[in-house]
Asker: 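First, the structure itself, so that you have it in front of you.
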Amino acid sequence: MVDRGASALSLPDDWPAHPDPILALNRMGSFDWDLDTGLFHMDAQAHEVFDLRPDEYNGHPETLAIRVPAPEAYRLDALVSQAMKDGSENYGTYFRIRCRNGALRWTHTQGYIRRDETGRPRRIVGIVRDATQEVQDLEDRRRQVSRDEARQEQTNVVQLTTAALAYARTVDDVIDVLKDTHGLTHLGATSLVMGLVEAGRIRLVAEGPAGSFVPGTDVTRIDEPYPMSEVVRTLTPRFIESPQEFAESYPLLWPHLSDLSITSAAYLPLIAQARPIGAMGLLYSDRRGFSPEDRNVLVALGSSIAQSLQRAMFYEQEKDLASGLQQAMLPRTIPSVRGADVAVRYRSAAFGRDIGGDWYDLIPLPGGRVGAVIGDVQGHDTHAAAVMGQLRIVLRAYAAEGHTPATVMARASVFLHELDTDRFATCLYAEADLATGVVQVVRAGHIDPLVRQADGSCRRVPVEGGLPLGLSAEFGRLEYPVGTVELDPGNTLMLCTDGLVETPGADLDDGMRTLTALIASGPADVRDLADRLIDVAEERGGDDDVALLLLRRRGLDAPQSGGRLQQHVASGDPEALAEARHMIRAAVRAWGARDRADEIELVADELITNALMHTEGAAVVTLRVLAGSDRRIRVEVEDSSSALPRRREAGGSGVSGRGLLLVDLLTDVWGGEARGGGKWGWGEFVVRERG
């Protein structure tokens with residue numbers, strides 16, 4: 001609710017650099033909230049209002065959580081959000097802060113919303129002031145009002161408490177609202193006790209004040225002679241109007257409360273869907289008796305609390321179920337990979353009981369290679385999680401079969417399309433040869449990977465991508481370009497879902513730059529870095545889950561034999577041919593055969609070109625290290641034609657036939673063999689052992 005004094009707030013353009021001295025004279029603190037950066041500037045007087053030392057505040061509103069109780073923060077956030085949404089120029093409200101000594105005191109704030117020419121809020125400037133005396137004066141006047149006005153005030157308390165309960169998501173949130181909001185204070189209650197019905201018993205979930213716990217009452221039977229047990233049995237409120245009545249009715253309980261100066265109490269059954277889910281007791285030390293109006297107000301309050309509790313209990317149950325299902329769909333363990341340090345993390349959404357379809361996977365492949373997968377199925381429900389589980393399994397199966405990264409992604413897209421679901425998925429698949437450091441990356445609508453260098457610098461790696469899985473099959477666009485990344489020893493490949501990058505109202509590129517800077521400044525160990533990134537996601541909150549995979553290449557202790565890389569080259573795709581050349585150059589250099597790199601690249605180029613020119617399909621080029629009496633690098637090119645290559649002399653003015661002459665001249669041995677419906681052309685090069 002906008003305070004009536006808020007419209008009188010007038011602030012110069014350079015505020016708060018030169019705040020009005022009148023503010024300081026009236027013990028008012030000033031603030032300036034930059035909505036673009038999130039920084040919340042406060043002057044010295046505002047620090048005093050919040051009972052904060054300058055070194056306890058870092059300029060971010062979240063820091064004020066140590067002084068502003070969560071229910072009050074919920075109410076403030078809702079008020080400011082509504083003012084920005086409905087076009088208001090200002091707002092004003094009272095709220096409570098918890099001082100350094102633990103005491104609660106009232107504070108008042110007024111804010112002026114500044115918008116740009118489009119009407120978008122950009123800044124909020126305003127004041128905060130200690131309103132303890134003002135609220136106390138209001139409280140003193142309230143006690144002097146008529147009975148009808150007091151009854152209306154109690155009704156307002158129920159409404160305010162109900163509004164605060166609307167933000168409660170868990171049972172603890174409900175208890176915090178009842179303990180920390182001013183509702184119970186206005187009702188005059190000294191303390192609160194609450195229990196929930198579980199398996200025919202009442203389990204105590206809240207009690208106060210300190211030192212009032214009754215031994216043996218943390219779990220009680222419904223048939224025991226206690227007031228909460230009674231209201232659960234009878235579904236009827238119990239109003240105790242004097243200490244004598246309390247002592248006579250509950251002789252087992254009263255001796256434990258006699259030192260607390262309790263004069264009366266109200267015990268209310270918490271009923272939802274016609275069954276008791278618990279009970280609540282309000283204990284008073286300054287009143288005797290309850291008028292009919294008082295009883296009606298308390299019964300209404302109990303009904304509201306019961307609905308909130310049931311909603312919170314359902315939320316917690318469904319959240320536990322959803323989290324369990326999500327974890328069951330993710331890999332139970334991540335295999336250790338020789339030559340790499342790996343860290344994976346998953347964080348569920350901070351709000352909402354639905355789960356997401358985010359997942360990660362690490363797939364050991366032959367020849368010292370490893371496949372890293374990150375993906376996100378559309379939606380936040382159990383259907384998304386179920387689709388994710390199936391998609392993760394087929395991706396792992398296609399990769400383990402030895403298909404190229406592009407083929408793995410295309411087949412997964414077809415599978416998702418044929419699954420007869422309305423969901424699509426973004427995905428990124430990276431196949432890394434840890435012996436060479438060559439990483440082949442395929443992206444299906446997902447965000448780009450990041451690479452952190454050994455010196456700590458971090459960069460985004462743009463990868464040309466295809467359509468998300470499912471959509472590419474539906475539209476017949478199954479081509480997935482393959483990008484190549486060189487991962488030197490000490491470098492870390494980072495894959496994540498958009499929940500780690502995107503924030504409401506922020507640009508994706510800005511989020512990527514922020515993440516890049518965060519990784520660059522983070523710890524070197526991948527496990528510590530993963531923890532840091534998830535901690536940041538937790539602090540930020542958000543309604544999207546996060547999956548994260550970090551793979552750091554270690555330096556190999558000895559030369560590795562059996563290295564293998566593979567690249568798909570589509571017909572008429574010069575980019576794919578260039579990527580294959582890049583892969584060959586990087587692998588040959590990493591395998592210690594730099595002196596024959598040009599020859600190997602030229603032979604591979606000739607074999608690929610021959611396959612593309614004389615067949616209608618694509619070619620698959622494979623580069624591998626062969627161990628034996630001598631160390632050799634073998635280039636293989638597969639195509640769909642069964643006609644074996646043969647060497648022939650080129651015409652005097654022709655160029656046809658010169659390719660295989662070059663192959664014969666540059667290789668140590670070469671040949672071809674029929675396989676299935678196609679053939680393989682190959683060439684081998686003897687290379688020196690690496691020192």
Asker: How far apart are the C-alpha atoms of D361 and L395, what are their side-chain angles, what is the distance that settles it, and do they pass the side chain to side chain contact (heavy atoms under 4.5 Å, CB included) test?
Answerer: CA-CA 9 Å; D361 207 353; L395 260 166; over 6 Å; no

Asker: For L500 and C496, which heavy atoms make the closest approach, and how far apart are they?
Answerer: CD2-CB, 3.9 Å

Asker: CZ/R459 to CG/D448 distance, rounded to the nearest 0.5 angstrom?
Answerer: 11.0 Å

Asker: Roughly how far, to the nearest 0.5 Å, is the OG1 atom of T407 from the CD atom of E401?
Answerer: 11.0 Å

Asker: For residues G522 and R452, report the shortest heavy-atom separation together with the two atoms involved.
Answerer: O-NH2, 3.0 Å

Asker: In the structure I gave you, are the side-chain heavy atoms of L428 and R443 within less than 4.5 Å of one another anywhere?
Answerer: yes

Asker: Does D535 come within less than 4.0 Å of R345, counting only side-chain N to carboxylate O?
Answerer: no

Asker: List the atom of L469, the atom of A412, and the distance in Å for their closest heavy-atom pair.
Answerer: CD1-CB, 4.2 Å

Asker: With a 4.5 Å cut-off on side-chain heavy atoms, are E486 and R589 touching?
Answerer: yes

Asker: Is the backbone N or O of A340 less than 3.5 Å from a side-chain atom of R554, with the two atoms forming a donor-acceptor pair by type?
Answerer: yes

Asker: If you count heavy atoms of other groups shown closer than 6.0 angstrom to CZ of R513, is the number above 12?
Answerer: yes

Asker: List the atom of L434, the atom of R338, and the distance in Å for their closest heavy-atom pair.
Answerer: CD1-O, 3.4 Å

Asker: Side chain to side chain contact (heavy atoms under 4.5 Å, CB included) between D664 and W670: does it pass, once the steps are laid out?
Answerer: CA-CA 7 Å; D664 183 57; W670 71 280; 2.9 Å; yes

Asker: I'd like to know if the side chain of S413 reaches the main chain of M409, judged simply by a donor and an acceptor atom lying under 3.5 Å from each other, with no hydrogens or angles considered.
Answerer: no

Asker: Less than 4.0 Å between a side-chain N and a carboxylate O, is that true for D668 and R632?
Answerer: no

Asker: Only one of L487, N491, T492 clears side chain to side chain contact (heavy atoms under 4.5 Å, CB included) with R553; which?
Answerer: L487

Asker: State the CG-CG distance between D525 and D341, to the nearest 0.5 angstrom.
Answerer: 7.0 Å

Asker: I would like to know whether R532 and L518 meet side chain to side chain contact (heavy atoms under 4.5 Å, CB included); could you show each step before the answer?
Answerer: CA-CA 9 Å; R532 172 61 181 148; L518 183 62; 4.2 Å; yes

Asker: For the residue pair L450 and I519, establish whether any side-chain heavy-atom pair is separated by less than 4.5 Å.
Answerer: yes

Asker: Report the distance from atom CD1 of I447 to atom OG1 of T426, rounding to the nearest 0.5 Å.
Answerer: 8.0 Å

Asker: Take a 6.0 Å sphere around CD of E464 and say whether it holds more than 12 heavy atoms from other residues, nucleotides or ligands.
Answerer: no

Asker: Test side chain to side chain contact (heavy atoms under 4.5 Å, CB included) on Y346 and D545 and set out the steps.
Answerer: CA-CA 8 Å; Y346 173 79; D545 45 352; 3.0 Å; yes

Asker: If you look at every heavy atom in V441 and P449, which pair is closest and at what distance?
Answerer: CG1-CG, 4.4 Å

Asker: How close do L365 and G371 get, counting heavy atoms only, and between which atoms?
Answerer: CD1-N, 3.8 Å

Asker: Output yes when a side-chain donor or acceptor of R596 lies under 3.5 Å from a complementary backbone atom of V686, and no otherwise.
Answerer: yes

Asker: Can you find a side-chain donor-acceptor pair between D376 and T497 that sits under 3.5 Å?
Answerer: no

Asker: Compare all side-chain heavy atoms of V373 with those of C427 and state whether any distance is below 4.5 angstrom.
Answerer: yes

Asker: Do any N or O atoms from the side chain of Y398 and from the backbone of T404 form a donor-acceptor pair under 3.5 angstrom?
Answerer: no

